[in-house]
Student: 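Pasting a structure here, questions to come.
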Amino acid sequence: MTKRLSELLAHCAPRAVHGSLEVPVAALTYDSRTVTAGCCFFAVEGVRCDGHDFIPAAVAGGASAVVCRRLPAERCDAVTYVEVDDVQAALADMAAAFYDHPSRELKLVGITGTNGKTTTATLLYELVRALGYRAGLISTVVYRIDDRTVEATHTTPDAIRLNAMIRAMVEAGCDYCFMECSSHAIVQQRTRGLRFAGGLFSNLTHDHLDYHKTFAEYLRAKKGFFDALPASAFALVNIDDRNGRVMVQNTAARVKTLSLREMADVRCRILEMHLDGMQLLLDGQEVWVHLTGRFNAYNIATVYGTALLLGLDRSEVLAALSALGAVSGRFECIRAADGTIAVVDYAHTPDALENVLRTIEEIRTQDRQLVVVCGCGGDRDRTKRPEMARIAASHATTAVFTSDNPRHEDPEAILDEMTAGLDPSVRCLRIADRATAIRTAVLLTRAGDMLLIAGKGHETYQIVGDEKRHFDDREEVRRAFAELKMKN
């Protein structure tokens, strides 16, 4: 695929262009190491490095065009330099043009919020496929192009990869694409230039303040997604979250609401809750789903409402909902031979941890102990660490604090911050090695007890320093169960 630079700039407003607009562009990149002949290189100013420093390397690699905020001191006559006010915005606009605006050829639905994005996106993907449609999925866990799996690198990939994947979905005959829209992606303009058929809001709680600095900035990032929706789109928001109505204050989209507590366009109520599922009342219709917990009731209500807004048949949607299974690493239950139950969940924010623990409290009987294993990631929002520990300790019979992905921080220092201020009477252990922590937690349980292992969920790795080591909470639990739990 080759385009003329003039075609790619049709929807941009460059400050100045130095060179020919008719140079051919064979590929787009913001990484100078991947430049090949005919590439257009974008000098993105990142957190750790500035793309402007790599313009000479990109030109040496054969770039035909460079998009930058400021011109380099030395320029090559054979290269066209495009000056813009915002390189990331130009990247998104030009990526959409390079791949012929693929989001216009299917129904693209974006999901944003703190918790529930992965479950909602995945369930929507599974639901429409169960109804006979082809679909794409862009999520934290995995990317899917119909039935083809692509490894996920980010919750929301960069604009080049995003448009390339949506183009591949169109060519695979997909009718829909469901994608998570992270706050980072919205701020960094990765979703710019895409045409959304709908936008969904789950909830907003404490997260990513290492990046956004304040909760107000975090909220503004999420709201920016809805501000950009066109009038042709719908916006479905959870109004039980106090920020739900704030999200759509300035949107041009058709606003629809959902609630478990008050009157809304989509009304849901939990009738019964069990470990293996729950009975819901959805707009007056009873339905059994194979997911449990109030947080999952919100996810199901969102999926249901979205399906109807997309024009799908209500009775078919309800039937398909009752057949859907749990999402990998989201309240995933593993049972030992003696009846001990481990729940593995991705909960890595205070609100998500609280929700999962409340669900377990509603299910477990008083004679069952609850052992909780949790940690906090390194190089991430430090302010939530003591809150995570406090929540775990307040629900657990025993809390075991351990490492998550320590990255470049000392695991013991992270544990110090987590346990600072905990009441001395709290029954807890500190075990930095996660495998040992899980094994110890299993040793603490008796037949029929419950165990929550929170924070990593679907992840099959642990990041220590710059190294990504294989580690899977589910594997560790099964191994500990097999070795430590006697058969009945």
Side-chain angles (χ1 to χ4, degrees), residues 8-14 42 44 84-114 116-117 120-121 124 136 138-139 154-163 165-167 169 176-204 208 211-212 215-239 241 243-257 302 305-306 309-310:
L8 304 185
L9 290 174
H11 297 284
C12 294
F42 295 83
V44 173
V84 296
D85 293 324
D86 188 330
V87 176
Q88 289 177 322
L91 170 60
D93 290 338
M94 293 171 71
F98 186 81
Y99 289 100
D100 295 321
H101 301 279
S103 62
R104 299 177 183 178
E105 299 179 52
L106 46 62
K107 291 183 178 179
L108 175 65
V109 176
I111 303 100
T112 197
T114 304
K117 298 189 297 296
T120 300
L124 279 165
I138 298 170
S139 78
H154 296 79
T155 295
T156 312
D158 65 80
I160 300 170
R161 191 177 187 195
L162 196 49
N163 279 277
M165 277 200 297
I166 298 174
R167 170 51 60 195
M169 291 174 193
Y176 302 96
C177 173
F178 303 102
M179 66 175 284
E180 295 184 53
C181 299
S182 69
S183 56
H184 294 70
I186 296 165
V187 169
Q188 294 169 9
Q189 311 265 23
R190 295 181 220 162
T191 57
R192 180 185 170 103
L194 300 179
R195 179 180 291 175
F196 286 91
L200 316 178
F201 171 72
S202 59
N203 50 66
L204 199 70
H208 300 307
Y211 181 82
H212 297 288
F215 187 81
E217 286 301 316
Y218 181 44
L219 183 150
R220 189 173 292 112
K222 298 291 190 183
K223 184 176 179 296
F225 171 73
F226 293 94
D227 291 349
L229 288 178
S232 58
F234 62 82
L236 177 60
V237 297
N238 169 18
I239 56 171
D241 185 289
N243 298 296
R245 296 188 191 278
V246 175
M247 289 292 131
V248 291
Q249 283 177 344
N250 304 106
T251 189
R254 292 175 293 123
V255 176
K256 298 293 180 179
T257 59
T302 304
T306 302
L309 287 166
L310 289 171

Student: Measuring from atom CZ of Arg167 to atom NE2 of His101, what distance do you get when rounded to the nearest 0.5 angstrom?
Tutor: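 Nearest 0.5 Å value for the CZ-NE2 distance: 10.0 Å.
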Student: Checking side chain to side chain contact (heavy atoms under 4.5 Å, CB included) between Phe201 and each of Val237, Ile239, Leu236, Ile111, which is the one that passes?
Tutor: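 The passing option is Val237.
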Student: Going through the checks in order, is the side-chain contact (heavy atoms from CB on, under 4.5 Å) test met by Phe234 and Thr306?
Tutor: CA-CA 9 Å; Phe234 62 82; Thr306 302; 4.0 Å; yes
Student: Using side chain to side chain contact (heavy atoms under 4.5 Å, CB included) as the criterion, point out the one residue from Asn238, Leu219, Leu200, Asp241 that pairs with Met247.
Tutor: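 Among Asn238, Leu219, Leu200, Asp241, the one that satisfies the side chain to side chain contact (heavy atoms under 4.5 Å, CB included) with Met247 is Leu219.
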Student: What's the verdict on side-chain contact (heavy atoms from CB on, under 4.5 Å) for Thr112 and Phe226, showing C-alpha distance, side-chain angles and the deciding distance?
Tutor: CA-CA 9 Å; Thr112 197; Phe226 293 94; 3.5 Å; yes
Student: For the side chain of Ser183 and the backbone of Lys222, is there at least one donor-acceptor N/O pair under 3.5 Å apart?
Tutor: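 Checked: no pair found.
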Student: In Å and rounded to the nearest 0.5 Å, what is the CZ to CG distance from Phe178 to Leu108?
Tutor: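 It comes to 9.5 Å.
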Student: How far apart are the closest heavy atoms of Met169 and Cys177, and which atoms are they?
Tutor: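 So the two residues come closest at SD-SG, 3.5 Å.
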Student: Kindly compute the distance separating OH (Tyr218) from NE2 (His184), expressed to the nearest 0.5 Å.
Tutor: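 So the gap between those two atoms works out to 9.0 Å.
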Student: Measuring from Leu194:CG to Asn163:CG, what's the distance to the nearest 0.5 Å?
Tutor: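 Answer rounded to 0.5 Å: 5.5 Å.
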Student: Determine, step by step, whether Leu310 and Val109 satisfy the side-chain contact (heavy atoms from CB on, under 4.5 Å) criterion, reporting the C-alpha distance in whole Å, the side-chain angles of both residues, the deciding distance to 0.1 Å, and the verdict.
Tutor: CA-CA 9 Å; Leu310 289 171; Val109 176; 4.1 Å; yes
Student: List the steps and the verdict of side-chain contact (heavy atoms from CB on, under 4.5 Å) for Thr191 and Phe196.
Tutor: CA-CA 9 Å; Thr191 57; Phe196 286 91; 4.2 Å; yes
Student: Is there a donor-acceptor contact under 3.5 Å linking the side chains of Asn243 and Lys223?
Tutor: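 No, because no side-chain N or O of Asn243 sits under 3.5 Å from a partner of the opposite role on Lys223.
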